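Report on the following structure.
Bear in mind that the values here come from a model prediction, so they are computed numbers and not experimental data.
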Amino acid sequence: MAQSSTVEVSTPSDLEISARRKFLAPPAKLFEVATTPELIQRYMKLSAFEWAKCEVNARLGGGFTFVWRNPEGTEITMAAEYVEFDPAGPRIVHRPCDSISGHKQITLNFGSDDNGAATLHETILLYNTKDERDAALQSPMLDRMEQNFRSLDGLLAELRG
């Protein structure tokens, strides 16, 4: 299957990374996939790790907890609180509640494209310092993001039937 597009990365400020990508699904479907545990587990992967826990409380003040475990028993946990949650926007802003996240806030915007048939998705990562932002740009984070987005393309195609 051809992917929708590739990630376009920019640095709108000294503290931000913006990653934009087009998906062949309406914004409401992408929002649903981003907030439904059973669907999240089908596209969000970590190499050499399996899902151990995927919980989402999809509401303002709610949040998520994701836990992956490798065969040796090492766990990676991501947890965050939703500080903005707008299904009509659609838009999500969350702040990490874990010790591994290097950012202080992530904003997910789901903009309509192609008369509503596609979504221009933007992830904005906000860091505490320019050095933290620059370190993230040098890390494999954006490559992993693109790998998960390709998995998401496949899931969206499957859901379209």
Side-chain angles (χ1 to χ4, degrees), residues 1-46 51 53-68 77-98 100-127 132-133 136-137 139-161:
M1 185 202 104
Q3 69 185 52
S4 303
S5 67
T6 57
V7 175
E8 297 175 13
V9 177
S10 65
T11 52
S13 78
D14 283 349
L15 301 179
E16 294 175 305
I17 297 172
S18 170
R20 295 172 50 127
R21 190 176 191 283
K22 184 177 179 178
F23 289 95
L24 301 178
K29 178 56 72 177
L30 211 59
F31 188 89
E32 174 190 352
V33 169
T35 58
T36 305
E38 297 79 18
L39 298 175
I40 293 167
Q41 292 177 77
R42 291 175 60 187
Y43 74 87
M44 190 180 288
K45 314 250 185 224
L46 283 179
W51 278 98
K53 181 179 188 179
C54 182
E55 294 179 349
V56 176
N57 184 355
R59 63 174 181 79
L60 181 62
F64 63 82
T65 302
F66 302 155
V67 180
W68 295 269
T77 301
M78 288 177 50
E81 176 187 6
Y82 296 130
V83 295
E84 283 185 47
F85 194 87
D86 181 9
R91 174 184 167 94
I92 299 171
V93 178
H94 59 80
R95 293 198 180 118
C97 302
D98 57 57
I100 67 161
S101 297
H103 52 274
K104 70 177 188 178
Q105 180 172 289
I106 293 181
T107 301
L108 305 175
N109 293 311
F110 305 86
S112 182
D113 197 17
D114 296 336
N115 296 319
T119 301
L120 183 57
H121 177 272
E122 180 180 33
T123 301
I124 303 168
L125 299 113
L126 178 64
Y127 292 86
E132 289 176 0
R133 185 212 62 183
L137 286 168
S139 77
M141 173 195 66
L142 294 170
D143 290 336
R144 285 194 306 265
M145 184 183 291
E146 181 57 38
Q147 290 170 357
N148 285 329
F149 284 167
R150 283 194 301 270
S151 293
L152 179 53
D153 280 330
L155 175 59
L156 292 168
E158 185 182 317
L159 294 174
R160 281 192 302 272

For Phe110 and Ile92, run side chain to side chain contact (heavy atoms under 4.5 Å, CB included): C-alpha distance rounded to whole Å, both residues' side-chain angles, the deciding distance at 0.1 Å, then the answer. CA-CA 9 Å; Phe110 305 86; Ile92 299 171; 4.3 Å; yes

Which pair of non-hydrogen atoms, one from [X] and one from [Y], has the smallest distance, and what is that distance?
X: Tyr127; Y: Met141; value: OH-SD, 3.8 Å
X: Leu39; Y: Leu155; value: O-CD2, 3.6 Å
X: Cys54; Y: Pro37; value: O-CB, 3.5 Å
X: Leu60; Y: Val83; value: CD1-O, 3.2 Å
X: Ser18; Y: Glu122; value: OG-OE2, 2.6 Å
X: Ala80; Y: His94; value: CB-ND1, 3.5 Å

[X] versus [Y]: any side-chain heavy-atom pair under 4.5 Å?
X: Trp68; Y: Lys45; value: no
X: Leu24; Y: Asp153; value: no
X: Pro96; Y: His103; value: yes

At what distance, to the nearest 0.5 angstrom, does [atom1] of [X] lie from [atom2] of [Y]?
X: Leu120; Y: Arg20; atom1: CG; atom2: CZ; answer: 4.5 Å
X: Lys53; Y: Gln41; atom1: NZ; atom2: CD; answer: 12.0 Å
X: Phe31; Y: Thr119; atom1: CZ; atom2: OG1; answer: 12.0 Å
X: Lys104; Y: Leu126; atom1: NZ; atom2: CG; answer: 5.0 Å
X: Met44; Y: Arg144; atom1: CE; atom2: CZ; answer: 11.5 Å
X: Glu132; Y: Leu137; atom1: CD; atom2: CG; answer: 12.0 Å

Whether Glu158 side chain and Gly154 backbone form a donor-acceptor pair below 3.5 Å: no

Main-chain N/O of Arg42 paired with Trp51 side-chain donor or acceptor, under 3.5 Å: no

Apply the test side-chain hydrogen bond (donor to acceptor under 3.5 Å, both in side chains) to residues Thr6 and Glu146: give CA-CA distance (whole Å), side-chain angles for both, the deciding distance (0.1 Å), then the verdict. CA-CA 7 Å; Thr6 57; Glu146 181 57 38; 5.8 Å; no

Report the C-alpha separation of Phe85 and Asn57 in whole Å, then their side-chain angles, then the decisive distance to 0.1 Å, and conclude whether the side chain to side chain contact (heavy atoms under 4.5 Å, CB included) test is met. CA-CA 11 Å; Phe85 194 87; Asn57 184 355; over 6 Å; no

Could you go through Ile106 and Thr123, starting from their C-alpha distance and side-chain angles, then the distance that decides it, and tell me whether this counts as side chain to side chain contact (heavy atoms under 4.5 Å, CB included)? CA-CA 7 Å; Ile106 293 181; Thr123 301; 3.8 Å; yes

Output a table of donor-acceptor pairs, distance under 3.5 Å, between side-chain atoms of residues 8-15 and any protein atom two or more places apart or on a different chain; print 'none' if there are none.
| from | atom 1 | to | atom 2 | distance (Å) |
| --- | --- | --- | --- | --- |
| Ser13 | OG | Leu15 | N | 3.1 |
| Ser13 | OG | Glu16 | N | 3.3 |
| Ser13 | OG | Glu16 | OE1 | 3.1 |

Residue set satisfying salt bridge (Lys or Arg N to Asp or Glu O under 4.0 Å) with Glu38, at least two apart, ordered chain then number -> none

When you look at Phe23 and Asp113, which way does the side chain to side chain contact (heavy atoms under 4.5 Å, CB included) test go after all the steps? CA-CA 9 Å; Phe23 289 95; Asp113 197 17; over 6 Å; no

What is the ring orientation for Phe64 with Phe66, classed by angle as parallel under 30°, tilted 30 to 60°, or perpendicular over 60°? parallel

Residue that, paired with Ile124, satisfies side chain to side chain contact (heavy atoms under 4.5 Å, CB included) out of Val93, Leu108, Ile17, Asn109: Asn109

